[in-house]
Amino acid sequence: MKGSSLFTTRRGFLGLAAIGAAAAAATGGGAAQAARLATKARIVIIGAGAAGTAIANRLVERLDGATITIVDPRAEHLYQPGLSLVAAGLKPASYTVSKTTDWLPRGVTLLPEAAAAIDPVAKTVATTGGSKLDYDFLVVAPGLVLDHDAIPGFSLDMVGQNGIGALYAGPDHAARTWQAARKFTEEGGVAVMTRPATEMKCAGAPLKHAFLVEDIASRTIGAGKFEMHYTAPQGALFGVPIVAEKVRMLMGQRGIRTHLQHRLVSIEPGQKRATFEKTEIDPATKAEIKSLVEMPYDYLHVIPPQRAPEVIRQSGLSWADKWTDQGWVECDQKTMRHLRYPEIFALGDVAGVPKGKTAASVKWQVPVVEDHLVAALQGKEGTEVYDGYTSCPLITRVGRAMLIEFDYNNNLVPSFPGVIAPLEELWISWLMKEVALKATYNAMLRGKA
Amino acid sequence: MKELTLATLIAVGEEIFGRGLFWALVAAAVLVTALYLFVLIRDRAMSMRKFLVAQLSMPVGAVLAVWLVLAVTSSGLGDMGGPIDIIVLLAVATMGAIGMAILVYTVQSLVRGNRN
């Protein structure tokens with residue numbers, strides 16, 4: 001990145017979110033747009049979510065004469081960062097829904113079909129509708145798949161009834177999750193929160209849901225009428241150690257009991273019982289000892305295992321030696337470029353990079369892919385580098401959040417050091433999540449942020 | 001934000017207050033400002049008496065502005081968690097106070113005319 005880019009990008013992004021109009025205005029301007037590059041390149045983008053839409057808008061601005069096709073069957077665009085708010089009754093389901101076509105620029109062809117096969121050698125994409133697209137460059141951004149079937153006893157039609165929530169499944173399911181969660185916050189009982197053993201999008205969301213439900217229950221029925229249990233298959237509450245410690249302390253203060261190394265394996269909705277596989281290390285032999293633990297619940301929040309879509313895993317684009325049960329795309333973590341097929345880039349949830357399955361990651365990945373792709377069209381190498389930046393406005397109460405920003409190396413990279421402390425529960429961080437984030441997200445979709 | 005445009009600022013405003021309320025507030029702010037300039041030019045002087053009443057209304061404006069912002073953001077005074085929160089809250093209160101003073105001064109001038 002250029003010398004001043006830190007200020008004009010990250011700080012500018014959050015400066016606007018801070019509603020500090022003065023602070024934001026100071027970052028105004030931005031680099032003058034480079035002249036458009038004349039090219040006849042055929043570029044195919046798989047996926048019209050946050051990443052696919054943002055890169056499409058940016059490429060249209062940069063290229064003149066390119067054939068850009070975006071492949072996605074979904075008519076609805078989802079603002080997924082809003083699902084946590086919907087599942088806590090703070091926003092309606094419609095808050096997260098818009099039309100895919102609302103965000104796509106002129107000059108891009110939307111093919112409303114799913115990708116059925118990718119041939120990275122012949123450089124073609126076949127679609128479910130029988131179309132075959134030849135490409136010079138391919139951007140793979142189809143998102144990920146929620147594997148609900150991996151949890152026996154659970155199915156999506158249960159969400160909202162009998163104390164079962166699953167906010168990841170979409171706007172309607174998030175709204176139904178609130179129906180179940182609200183009942184718990186009014187009647188009390190035992191709540192059990194889960195997260196999967198796989199990589200997942202927005203690793204802060206399970207924590208946000210737990211904190212929000214606890215906060216709302218405390219305000220409605222009050223302490224003593226309910227119990228909260230937070231389970232995780234991992235050995236820590238968050239991937240970044242300094243944040244994990246802060247979350248551990250918060251959960252202790254709030255009386256949320258934690259159960260690490262607990263993976264949800266099945267549920268019995270009739271008995272309201274969830275079964276977990278608990279992993280312990282034998283102190284003598286260091287061998288893993290697995291056992292089953294049953295936990296009764298009145299409210300259970302299910303987040304299923306998450307994997308790359310089947311078309312990615314079947315096309316030979318996945319890592320062969322990492323995340324083999326999940327199939328994320330094998331790519332360079334600094335450039336997002338495929339390690340074996342240089343004309344392919346991965347963006348967003350499907351990318352096989354550490355961390356980085358959030359809209360904030362997408363925001364930082366997209367300009368990097370734009371740079372390397374446009375440079376490649378000129379026969380050059382790009383210079384932009386993605387450092388793993390991710391941001392998580394970790395809501396801890398209705399009205400408070402911690403603005404946590406970090407990179408690949410687990411370093412905290414606060415946008416406003418000394419002003420907005422990353423590990424403090426602040427109202428201003430809540431304001432960013434609750435009111436300013438969607439506007440900045442929309443600007444990103446249009447390629448303007 | 002690589003490019004900060006008026007459009008994104010407006011989008012943030014619409015998101016905070018809702019589209020209808022945001023534009024109603026913008027229209028009210030523009031109207032009151034225009035009327036304030038109108039009475040200043042018409043009277044060619046500040047009336048200290050009207051200004052005194054306007055100053056007395058400032059705390060009311062401050063409280064109203066804080067209440068509005070807290071209400072539209074599902075939060076409360078108990079959510080203030082650090083110095084920056086208090087600074088933002090005071091800024092909101094200050095803007096509300098100044099806005100209210102201008103409003104009250106303008107209304108007095110329009111109602112009572114060019115008299116002290």
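Chain letters run A, B, ... following the sequence lines, proteins first, then strands; residues in each count from 1.
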Proximal to chain A - members of residues 66-83 of chain B, heavy-atom separation under 4.5 Å: B:Val69, B:Leu70, B:Val72, B:Thr73, B:Ser74, B:Ser75, B:Gly78, B:Asp79, B:Met80, B:Gly81, B:Gly82
B:Ile84 to A:Ile420 - nearest heavy-atom pair and separation: CG1-CG1, 4.4 Å
Over 12 non-hydrogen atoms of neighbours within 6.0 angstrom of CZ in A:Arg219: yes
Any residue meeting side chain to side chain donor-acceptor pair (under 3.5 Å) with A:His372, in chain and number order, not counting sequence neighbours: none
Residues in side chain to side chain donor-acceptor pair (under 3.5 Å) contact with A:Arg254, at least two apart in sequence or another chain: A:Glu214
By side chain to side chain donor-acceptor pair (under 3.5 Å) - contacts of A:Arg397 (at least two apart): A:Asp215
Structural part of A:Glu424 lying under 4.5 Å from a heavy atom of chain B: side chain
